[in-house]
Amino acid sequence: MSGVITVHRNDDAEQVTLTTTTTGLDLFGDDRTVVAMKVDGQLRDLARELADGELVEPVPVDSPEGLSILRHSAGHVTAQALQSMFAEAKLGIGPPITDGFYYDFATEALTPEDLKAIEKKMGQIVKEKQRFVRRPVSDAEAREELAGEPFKLELITDKGHSSDEDGSSVEVGAGELTIYDNVRRDGSVAWKDLCRGPHVPHTGYLGNGWALTRSSAAYWRGDQRNQALQRVYGTAWPSKEALQAYKLRLEEAARRDHRKLGMEMDLFSFHEVVGSGLPLFHPRGGVIKREMEDYVRARHIEEGFDYVGTPHIAKEDLYYTSGHLPYYADGMFPPLLEDAERDEQGNVVRGGQAYRLKAMNCPMHNLIFSSRGRSYRELPLRFFEFGTVYRDEKSGVVQGLTRVRSITQDDSHSYCTKEQAPDEVRHLLRFVLSLLNDFGLTDVALEVSTRDEDGKKADKFIGSDQQWEEATAILDEIARESGLPVVQDPGGAAYYGPKISIQSKDAIGRTWQMSTIQYDFNQPERFQLEYTASDGSRQQPVMIHSAKFGSIERFMGVLIEHYAGAFPAWLAPVQVVAVPVAGEFDDYLAGVVATLRGKGVRVDFDDSDDRFGKKIRNAAKEKAPFILIAGGEDRDAAAVSFRFRDGSQRNQVPVADAVAHILEVIASRTNESPTADE
């Protein structure tokens with residue numbers, strides 16, 4: 001073969017003349033930081049031969065695509081090692097995930113000692129530098145070679161229906177099937193797996209930047225109706241240093257875990273008698289929740305929203321009208337039968353009226369809109385409520401406050417003309433960004449979720465192509481003009497229209513999906529919503545959904561971890577802890593406490609019999625922004641002393657000045673912790 005290819009490195013383009021068998025390894029094999037290549041925009045193994053006219057780009061290991069390839073390759077090594085130790089183990093699916101990978105197996109329950117042994121075997125495979133060799137096969141050939149792997153046989157049968165949601169897309173697609181052989185230096189095949197690839201050239205590319213992290217129970221393709229499996233989790237990074245940095249981030253994340261801090265700070269709890277995913281907010285957690293609600297209620301009113309309220313249940317027919325049934329049936333709790341006749345065993349013998357716990361507020365807001373005639377002069381018409389909705393989340397995904405079954409949304413719906421829709425989306429985006437900024441979440445990006453382009457999920461969406469194109473174009477334009485980073489999410493839209501999701505990074509760099517803005521051209525049609533236009537005609541409005549917090553519970557969980565429980569003064573459940581040096585100063589400091597409480601400051605007064613040192617340690621655990629101390633010199637000077645979170649102190653501050661300073665910091669709504677330097 002001869003010809004010329006174009007090689008892009010960073011911003012430079014180079015013309016390279018092909019030899020008879022030029023591969024990506026010929027171009028990039030000397031650079032171990034390159035793990036794959038893009039050929040005319042498609043990810044390919046470096047071992048692939050190149051053809052005349054192709055555009056070739058290296059894929060660095062530290063890029064998102066490079067990390068996924070590295071981690072998926074580590075998943076294969078994990079599976080090879082495990083099957084060499086547990087010969088009866090059957091292979092499931094092993095995709096890369098955020099910061100790592102997993103692989104599912106039908107095997108006996110794995111112990112920590114098993115994971116250590118698997119890691120040791122993986123190390124041997126890495127040192128052998130076994131090559132990942134791609135091999136196209138027919139369906140019949142694949143079935144013959146993988147006859148002992150029942151899960152792989154199912155994937156072969158389901159070819160063309162793979163999913164990113166269950167990880168099967170890494171195994172099979174709609175085109176040809178491929179098997180990757182792990183080949184030793186002597187040419188013998190050590191192991192093989194059904195896989196789309198690509199992979200790193202050989203196992204040695206994994207170096208020493210990988211580790212297994214844990215194992216857990218799982219179900220085949222994520223469905224608890226299917227066979228139970230064992231899932232092995234791991235992580236892989238470009239270097240040992242990067243792996244160590246990741247482990248340190250995990251340690252910091254564990255320190256900030258909102259479930260742990262929520263218990264330590266007495267913010268919230270869960271009780272088995274109530275049920276999984278149904279939080280109970282304690283008084284201190286209630287303070288944070290109330291501050292959030294007060295803030296966002298006032299902001300909605302400032303932004304032109306009208307406050308409404310709707311019930312927690314409704315007849316099932318409402319959700320057929322909205323389209324949520326059947327499109328969202330899996331996320332809703334089963335129907336409640338009112339006036340049903342039951343036998344002595346409690347079985348329904350004659351059905352009654354079916355009701356549903358509401359999983360969304362929009363259908364009832366539509367009914368409020370349609371309760372009387374509407375004029376174009378009223379538009380945009382904006383409804384807002386704190387609506388508690390209920391989602392039938394599976395027990396395996398419920399996690400603290402960040403994934404619950406009882407969700408309080410600061411939910412709003414704007415009804416506007418098609419011409420008003422772009423400006424309304426801009427208005428909502430500005431609102432959301434200012435809210436995140438006010439709560440100290442300033443590192444944000446936008447994700448535009450659209451209908452998938454290849455039609456694989458066509459049955460997931462309703463509406464015409466033109467409606468989707470118009471709505472998507474509006475959101476794309478507004479996202480780009482914001483100046484923020486924008487990523488695309490094909491296939492991630494709601495069934496009724498595209499959306500913008502606001503992604504925010506916390507203090508340790510983790511990304512959380514926060515607020516959403518969704519364009520809806522379907523529900524107005526399904527509910528036959530109309531307004532009278534200026535020419536007297538009846539027109540259908542556009543409906544735009546928006547939740548600024550998204551979920552108050554989830555937002556609170558993120559805030560707890562972002563601040564590691566050390567909330568800014570305006571939001572802290574306890575703003576001041578007052579600690580007398582000894583009992584003789586209790587009455588003096590109690591007077592200061594009374595003054596602060598009279599000003600609306602949240603104060604804890606430690607007048608216990610504990611020693612002063614223990615009181616200070618207890619006060620520090622409360623993470624209050626101010627600790628006020630009073631001893632003899634403070635009393636004699638009509639003053640108090642400050643101790644701050646960073647350990648700094650300011651001594652003998654006149655009481656009036658101390659009170660004024662505390663009030664000033666709270667009123668400023670700064671998200672920075674006060675210090676002695678202020």
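Please read all numbers here as calculations on a predicted model, not as lab measurements.
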Any chance you could lay out the side-chain contact (heavy atoms from CB on, under 4.5 Å) test for L446 and I502, step after step, and finish with the verdict? CA-CA 5 Å; L446 305 181; I502 291 80; 3.7 Å; yes
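- Rounded to the nearest 0.5 angstrom, L436 CG and D443 CG are separated by 11.0 Å.
- Formation of a donor-acceptor pair under 3.5 Å by the D410 side chain with backbone atoms of F549 is found in this model.
- Between R259 and Q399 the shortest side-chain heavy-atom distance falls below 4.5 Å.
- Between G285 and M556, the closest heavy-atom pair is O-CE, 3.7 Å.
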Exercise answer: donor-acceptor pairs, residues 566-573 side-chain atoms, under 3.5 Å, sequence neighbours excluded:
residue : atom : partner : partner atom : Å
W570    : NE1  : N671    : OD1          : 3.2

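- Distance check, rounded to the nearest 0.5 Å: CG of D411 to OG of S546 gives 8.0 Å.
- Of the possible polar contacts, one joining the E119 side chain to the L212 backbone as a donor-acceptor pair under 3.5 Å is found.
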Report task. Take E553 and S551 through the side chain to side chain donor-acceptor pair (under 3.5 Å) test and state the conclusion after the steps. Result -> CA-CA 5 Å; E553 292 82 5; S551 153; 3.1 Å; yes
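- Remark: N618 CG to D606 CG distance equals 6.5 Å, nearest 0.5 Å.
- Taking all atoms of both residues into account, the shortest heavy-atom contact from I627 to A619 is CD1-CB, 3.6 Å.
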Quiz prompt | Test side-chain contact (heavy atoms from CB on, under 4.5 Å) applied to R297 and D294, step by step | solution = CA-CA 5 Å; R297 183 185 293 109; D294 289 349; 3.3 Å; yes
Could you go step by step and tell me if H413 and I544 meet the side-chain contact (heavy atoms from CB on, under 4.5 Å) rule? CA-CA 5 Å; H413 297 94; I544 302 173; over 6 Å; no
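- Contact annotation: the side chain of S434 approaches that of R299 to within less than 4.5 Å [non-hydrogen atoms, C-beta and beyond].
- Between S449 and S501, the closest heavy-atom pair is OG-OG, 4.5 Å.
- Using a 4.5 Å heavy-atom cutoff, the side chains of H661 and V653 are not in contact.
- Although no hydrogens or angles enter the test, the distance criterion places no donor-acceptor pair under 3.5 Å between the side chain of H258 and the main chain of G400.
- Not one N or O on the side chain of R403 forms a donor-acceptor pair closer than 3.5 Å with the backbone of V398.
- Using a 4.5 Å heavy-atom cutoff, the side chains of V432 and V444 are not in contact.
- The CD atom of Q649 sits 7.0 Å away from atom OG of S641, with the distance rounded to the nearest 0.5 Å.
- With R645 contributing its side chain and K623 its backbone, the two residues share a donor-acceptor pair below 3.5 Å.
- A salt bridge links D604 with R284: the closest approach of a Lys/Arg side-chain nitrogen to an acidic carboxylate oxygen falls below 4.0 angstrom.
- For R231 and Y102, the positive end sits near the middle of the six-membered ring, less than 6.0 Å away and at most 45° from its axis.
- Residues Q518 and D520 bring no donor and acceptor atom of their side chains to less than 3.5 Å of each other.
- In the displayed structure, K260 atom NZ is contacted under 6.0 Å by more than 12 heavy atoms of other residues, nucleotides or ligands.
- Judged by distance alone, with hydrogens and angles left aside, the side-chain atoms of K289 form no donor-acceptor pair with the main-chain N or O of F281 at under 3.5 Å.
- Residues that satisfy the ring pair (Phe, Tyr, Trp, His ring centres under 6.0 Å) test with Y307, not counting sequence neighbours, are F384.
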Side-chain donor-acceptor contacts of residues 109-118 below 3.5 Å, not counting sequence neighbours, with atom names and distances?
residue : atom : partner : partner atom : Å
T111    : OG1  : E113    : N            : 3.4
T111    : OG1  : E113    : OE1          : 3.4
T111    : OG1  : D114    : N            : 3.1
T111    : OG1  : D114    : OD2          : 3.2
D114    : OD2  : T111    : N            : 2.9

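- In this structure, M122 and W210 have side chains that are in contact, with non-hydrogen atoms separated by less than 4.5 Å.
- Atom CG of D587 has 12 or fewer neighbouring heavy atoms from other residues, nucleotides or ligands inside a 6.0 Å radius.
- Side-chain contact between T595 and V655 is absent, with no heavy-atom pair separated by less than 4.5 Å.
- Note on ring orientation: taking the six-membered ring where Trp is involved, the planes of F644 and F642 are parallel (angle under 30°, cut-offs 30° and 60°).
- Using a 4.5 Å heavy-atom cutoff, the side chains of T516 and Q513 are in contact.
- Contact detail for V592 and L628: the closest heavy-atom pair is CG1-CD1, 4.1 Å.
- Judged by distance alone, the side chain of Q503 and the main-chain N or O of A445 form no donor-acceptor pair under 3.5 Å.
- Y295 and D438 share a donor-acceptor pair across their side chains, judged by distance under 3.5 Å alone.
- Checked against E303 for a side chain to side chain donor-acceptor pair (under 3.5 Å), the options K548, H427, R382 give a single hit: H427.
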- Would E252 and R249 satisfy salt bridge (Lys or Arg N to Asp or Glu O under 4.0 Å), going step by step from the backbone distance to the final call? CA-CA 5 Å; E252 179 62 18; R249 290 197 300 274; over 6 Å; no
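- The backbone N or O of A236 sits less than 3.5 Å from a side-chain atom of R71, completing a donor-acceptor pair.
- Put simply, OG1 on T78 and OH on Y233 are 13.5 Å apart, with the number rounded to the nearest 0.5 Å.
- Rounded to the nearest 0.5 Å, atoms CG (D586) and CG (D607) are 5.5 Å apart.
- Between H365 and F383, the angle of the ring planes goes over 60°, which puts this pair in the perpendicular group of the 30/60° scheme.
- Two residues are said to be in side-chain contact when any heavy atoms from C-beta on lie closer than 4.5 Å; M364 and E385 fail this criterion.
- Closest approach of Y563 to F439, counting heavy atoms only: OH-O, 2.8 Å.
- Y328 and R391 share a donor-acceptor pair across their side chains, judged by distance under 3.5 Å alone.
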Verdict with reasoning, V574 to F626, per side-chain contact (heavy atoms from CB on, under 4.5 Å): CA-CA 9 Å; V574 177; F626 299 100; over 6 Å; no
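- Contact detail for V603 and L596: the closest heavy-atom pair is CG2-CB, 3.8 Å.
- Side-chain atoms of R256 come within 3.5 Å of backbone N or O of H562 as a donor-acceptor pair.
- Distance alone, capped at 3.5 Å, places no donor-acceptor pair between the D636 side chain and the E633 backbone.
- Under the 3.5 Å distance criterion, with hydrogens and angles disregarded, no donor-acceptor pair is assigned to the side chains of T388 and H312.
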